[in-house]
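Structure first, then comments.
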Amino acid sequence: MDVTLHLAQDPEADALLGRSPLAALVGMLLDQQVPMEWAFKGPATIAQRLGADDLDAHEIAAHEPEAFAALLSQKPAVHRYPGSMAKRIQQLCQYLVEHYDGDAEGVWKDVATGKDLLKRLAELPGFGKQKAQIFLALLGKQLGVRPTGWREAAGSYGEPDSFRSVADITGPESLVKVRAHKQEMKAAAKAAKASGK
């Protein structure tokens, strides 16, 4: 993996996301209840605070939980909920150590079909179906991981030029389009809830 991503809108953080499978997974895990850029800048902030140039699943999994939570809570905090996210990141890393010998890329390396890859992603702690589909779309659209049927497995997120998620962000213009789509979806959900549907 060595591509240029534009998810954090920060050159250093994006460079890490583009070369580190674990950083990309952690960024996706953090992408909830905070702006996308904040979430995807998180892996670089964590690596920096650990005094490393990349994340290591073995190191994070073995880190003392309170100390790891404190590391994420330092100002500026890595997430709006640094304590619970620290726990989730450690659970993710422990799962990767247990199932993939700590190699995040092992989740998608040598997978035969999009359906199999979606199943593997959905099994990761903190990844529900939607998050798994978005990450699958990111792998296919920007990271060159395209097992047979990947677009179908990613659902609407796999559609070309759909601007529905982080999978479609390639720069500032596409970020604006994805933001607009998300706002439309929130407004539609709010309207449906208000009308009792």
**Request:** Evaluate the criterion side chain to side chain contact (heavy atoms under 4.5 Å, CB included) for residue pair Cys93 and Leu22; output intermediate values, then yes/no.
**Result:** CA-CA 9 Å; Cys93 289; Leu22 180 56; 4.2 Å; yes
**Asked** Which is it for Lys87 and Phe68 under the side chain to side chain contact (heavy atoms under 4.5 Å, CB included) test, yes or no, and what are the steps along the way?
**Response** CA-CA 8 Å; Lys87 187 176 179 180; Phe68 191 65; over 6 Å; no
**Request:** Go through the steps for His58 and Asp101 under the test side chain to side chain contact (heavy atoms under 4.5 Å, CB included), then give the verdict.
**Result:** CA-CA 8 Å; His58 292 278; Asp101 195 30; 3.9 Å; yes
**Asked** Does the side chain to side chain contact (heavy atoms under 4.5 Å, CB included) test come out yes or no for Thr4 and Asp14, once each step is laid out?
**Response** CA-CA 7 Å; Thr4 303; Asp14 281 327; 5.9 Å; no
**Item:** salt bridge (Lys or Arg N to Asp or Glu O under 4.0 Å) evaluation trace for Lys41 with Glu37
**Value:** CA-CA 6 Å; Lys41 192 173 180 180; Glu37 301 93 323; over 6 Å; no
**Request:** Apply salt bridge (Lys or Arg N to Asp or Glu O under 4.0 Å) to the pair Asp54 and Arg19, showing each step before the final yes or no.
**Result:** CA-CA 9 Å; Asp54 194 357; Arg19 73 174 185 269; 5.4 Å; no
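Without hydrogens or angle criteria, Gln91 side chain to Gly126 main chain gives no donor-acceptor distance under 3.5 Å. Proximity of a side-chain donor or acceptor of Trp38 to a complementary backbone N or O of Val78 within less than 3.5 Å is detected. Side-chain atoms of Gln142 never come within 3.5 Å of backbone atoms of Leu5 as a donor-acceptor pair (strictly under, hydrogens ignored).
Residue Gln94 holds its CD atom at 8.5 Å from CD of Glu98, rounded to the nearest 0.5 Å. One distance of note links CG of Leu16 with CD1 of Ile46; it measures 10.0 Å at 0.5 Å rounding. Atom-to-atom distance recorded for Ser162:OG and His181:NE2 is 7.5 Å, nearest 0.5 angstrom. Between the CD1 atom in Ile134 and the CG atom in Asp31 there is a gap of 7.0 Å [rounded to 0.5 Å]. Here the CD-CG distance, from Glu152 to Leu118, works out to 12.0 Å after rounding to the nearest 0.5 Å.
Under the 4.5 Å side-chain heavy-atom criterion for Ile, Leu, Val, Met, Phe, Trp and Tyr, Leu55 and Val97 are members of distinct hydrophobic clusters. Follow the hydrophobic side-chain contacts under 4.5 Å out from Val34 and you never reach Ile89; the two are in separate clusters. When the side chains of ILVMFWY residues are joined at heavy-atom separations under 4.5 Å, either directly or via intervening members, Leu50 and Leu96 end up in a single hydrophobic cluster. Tyr81 and Leu30 fall into different hydrophobic clusters, where Ile, Leu, Val, Met, Phe, Trp and Tyr side chains are chained together by heavy-atom contacts under 4.5 Å.
Within the 4.5 Å cutoff, no side-chain heavy atoms of Leu72 are placed close to those of His79. Proximity of Tyr100 to Arg120: side-chain heavy atoms (C-beta onward) are separated by under 4.5 Å at one or more points. Annotation: side chain of Leu7 is in contact with side chain of Leu138 (closest heavy-atom distance under 4.5 Å). Counting only heavy atoms from C-beta outward, the side chains of Thr45 and Pro43 never approach each other to under 4.5 Å. Looking at Leu29 and Arg88, their side chains come closer than 4.5 Å, going by heavy atoms from C-beta outward. In this structure, Arg151 and Pro160 have side chains that are in contact, with non-hydrogen atoms separated by less than 4.5 Å. The closest side-chain heavy-atom distance from Lys131 to Gln32 is below 4.5 Å. The shortest distance between side-chain heavy atoms of Phe40 and Met28 falls below 4.5 Å.
What you find for Ala122 and Ala132 is that their closest heavy atoms are N-CB, 3.7 Å. Listed here is the closest heavy atom pair of Glu159 and Lys141: O-NZ, 2.7 Å. Pro82 and Ala77 make their closest contact through CG-CB, 4.3 Å (heavy atoms, listed as atom of the first residue, atom of the second, distance). The two residues Arg49 and Leu71 have their closest heavy-atom pair at NH1-O, 2.8 Å. Across Asp103 and Lys109, no two heavy atoms sit closer than the pair OD2-NZ, 3.7 Å. Here the closest heavy-atom approach between residue Ala57 and residue Gly102 is recorded as CB-O, 3.5 Å.
With no hydrogens or angles considered, a side-chain donor-acceptor pair links Gln130 and Tyr157 at under 3.5 Å. When only modelled atom types and interatomic distance are considered, Asp168 and Ser174 share no side-chain donor-acceptor pair under 3.5 Å.
With a 6.0 Å radius and a threshold of 12 heavy atoms from other residues, nucleotides or ligands, Glu66 has its CD atom at or below the threshold. Environment of CZ in Arg164: crowded, with over 12 heavy atoms of neighbouring residues, nucleotides or ligands closer than 6.0 Å. Dense packing is recorded around CD of Glu123, with more than 12 heavy atoms of other residues, nucleotides or ligands lying under 6.0 Å away. Counting heavy atoms of neighbouring residues, nucleotides and ligands inside a 6.0 Å radius, atom CD of Gln48 does not exceed 12 of them.
Ring centers of Trp108 and Phe135: under 6.0 Å apart, within the cut-off.
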